[in-house]
There are 2 protein chains.
Amino acid sequence: MSTIANPDSRHNARTLRADAQRNYDRLIRAAEALFTERGADTSLEDIARRAAVGIGTLYRHFPTRDDLIAQVMCQSTAAIVARGDTLLRSATPAAALAGWLRELVGYVTTYRGLTAALATSYIGSGTQLCSGCGQIEKAGRALLARAQAAGEIRRDADVREVILTAHSAAWISEQTKDPAAIDRLLGILFDGLRTIRPTQRKRSSPRRRSGRRRR
Amino acid sequence: MSTIANPDSRHNARTLRADAQRNYDRLIRAAEALFTERGADTSLEDIARRAAVGIGTLYRHFPTRDDLIAQVMCQSTAAIVARGDTLLRSATPAAALAGWLRELVGYVTTYRGLTAALATSYIGSGTQLCSGCGQIEKAGRALLARAQAAGEIRRDADVREVILTAHSAAWISEQTKDPAAIDRLLGILFDGLRTIRPTQRKRSSPRRRSGRRRR
DNA sequence: ACCTGAACACCGTTCAAGT
DNA sequence: ACCTGAACACCGTTCAAGT
């Protein structure tokens with residue numbers, strides 16, 4: 001029955017002194033605003049300044065930039081995980097996985113520069129970011145397993161690889177700024193993940209029949 | 001009949017004063033060494049220091065970091081373009097494309113951090129890097145077109161997307177440090193690029209036959 | 001024509017001093 | 001228990017002064 005001042009803004013809910021809680025909230029809000037405006041690599045000093053807080057306070061609450069990002073993303077993370085649970089009950093396993101991956105791309109591109117930060121720490125040493133990644137990976141694993149059990153997706157596909165591939169598609173779209181590109185890339189990726197493959201055509205000579213165009 | 005002192009180290013071959021040429025070469029060598037040791041985002045000051053040259057001299061020869069990278073990569077760029085020409089004469093168009101993409105991955109992972117630098121400027125405003133990218137794109141375009149003409153690769157695949165996808169696979173492998181991952185990712189990508197797709201299975205209910213495992 | 005390095009601006013991170 | 005901001009280290013970039 002401890003007093004959790006603000007469960008929404010405090011992921012790891014332990015009681016904070018009132019002024020500390022206030023500073024924490026201001027930092028989250030400032031970071032959110034500046035991430036949106038200038039990307040996930042904004043100067044930490046600027047964030048502290050916008051929060052009207054000493055830089056030391058920022059470091060006290062968020063030892064690393066990843067910790068800050070993780071807390072700012074906290075609600076979005078919960079949302080995408082929940083979305084995975086929902087899609088798990090849809091009638092079309094492969095489509096569910098595809099849809100979820102599409103949403104994952106949205107998630108990792110919330111702020112410019114976020115993909116790089118996430119991907120680095122997805123592998124890297126256990127910051128807060130990875131706890132979020134863990135939940136996401138679990139959600140993806142369930143969707144993937146179901147699609148595989150339904151015989152629609154390659155058995156040799158690994159969750160981490162699938163997630164990282166979606167991630168990289170997001171990274172590309174971040175560079176490209178062409179919103180259509182991401183769909184085509186995900187299309188290619190997803191076709192690559194399907195079970196049924198064309199007949200292996202070993203060392204066929206290049207038949208040149210001026211390939212009839214379709215469409 | 002102009003005297004080109006060192007065509008290998010000077011891509012854009014115009015005559016330089018002897019000391020300028022010497023500094024230029026030292027900078028290239030120093031950059032090469034430090035890129036290898038510490039990645040493509042090494043401090044420019046360190047590069048100048050290792051070259052025993054003032055920082056201003058570095059900036060004079062290479063206005064941007066990308067210019068420096070482009071010149072350091074110059075020979076590798078020529079090599080991968082030449083490799084494209086060779087593969088264009090192989091008997092198996094799709095395999096040639098696949099093989100070339102594999103080598104492209106090697107190219108963009110020459111130094112740690114290179115993928116990010118290349119991808120950013122592949123889109124970005126025309127630095128020297130892009131001239132290299134242009135040649136590479138041309139090589140890729142020829143290989144892709146041939147594989148498409150042979151009916152092996154999707155007609156709707158775009159060179160830039162294909163290259164960027166290989167690029168992103170490289171980016172992942174850079175994060176992962178798992179050399180096996182890259183092969184599987186490229187495998188998935190390449191299967192996604194193939195022409196022949198499985199029969200479109202519209203709204204089939206998820207058949208749960210506890211999928212027999214193979215291996 | 002080219003080189004040099006001091007100077008400036010900026011960022012990340014720590015820590016002694018304060019309440 | 002928590003906050004503050006000066007201090008330190010480091011990097012990118014420019015430019016006046018030199019040869």
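Bear in mind the structure is a predicted one, so any value in this text is a computation, not a measurement. Excluded from the calculations below are hydrogen atoms, water molecules and symmetry mates; all remaining heavy atoms, backbone and side chain alike, are included. A note on names: the letters A, B, ... follow the listed sequences, proteins ahead of strands, and every chain is numbered from 1.
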Rounded to whole Å, CZ of A:R60 lies from C1' of C:dT19 at a distance of 13 Å
inquiry  = So that I can tick it off, tell me whether B:R102 and B:D183 are bridged by a salt bridge, with the cut-off set at under 4.0 angstrom between side-chain N and carboxylate O.
reply    = yes
The answer to which of A:D41 and B:R22 contacts DNA chain C further toward the 5' end, by nearest nucleotide, is B:R22
From NE2 of B:H61 across to P of C:dT4 the rounded distance in Å is 9 Å
B:E45 CD to D:dA9 P, in whole Å, measures 15 Å
Here DNA chain D, pairs taken as Watson-Crick or G-U under 3.5 Å and shown with ( ), [ ] when crossing and | when to another strand, reads ||.|||||...|||||.||
From CD1 of A:I69 across to P of C:dG12 the rounded distance in Å is 12 Å
### Message
Just to be sure I understand the rule, does A:S43 reach a base, reach only the sugar-phosphate, or reach nothing, if contact means heavy atoms closer than 4.0 Å?
### Response
sugar-phosphate
Any ion pair linking B:D25 and B:R22 (charged N to carboxylate O, less than 4.0 Å)?
no
*NZ/NE/NH1/NH2 to OD/OE distance under 4.0 Å, A:R184 and B:D156*: no
The nucleotide from C:dT13, D:dC11, C:dT4 with an atom nearest the side chain of A:L44 is C:dT13
Practice problem: Output yes when at least one side-chain N/O atom of A:R17 is less than 4.0 Å from OP1 or OP2 of D:dC2, else no. | Solution: no
Whole-Å distance, B:R49 CZ to C:dA6 P, equals 12 Å
Separation of C:dG12 atom P from A:Y59 atom OH, nearest Å, is 6 Å
From CG of A:L34 across to C1' of C:dC11 the rounded distance in Å is 15 Å
| task | Taking only the side-chain nitrogens and oxygens of A:N23, find out if one of them lies under 4.0 Å from OP1 or OP2 of D:dC2. | result | no
Rounded to whole Å, the CG-P distance (B:D19 to C:dC2) equals 8 Å
Between the side chains of A:R38 and A:D46, is the shortest nitrogen-to-carboxylate-oxygen separation below 4.0 Å, so that they form an ion pair?
yes
Notebook entry, point to check: Would A:E37 and A:R112 pass as an ion pair if we require N to O under 4.0 Å?
Noted result: no
Taking C-beta and beyond as the side chain, do A:W100 and A:I80 meet within less than 4.5 Å on heavy atoms? yes
Checklist entry - Does a side-chain N-to-carboxylate-O contact under 4.0 Å join A:R160 and A:E137? => result yes
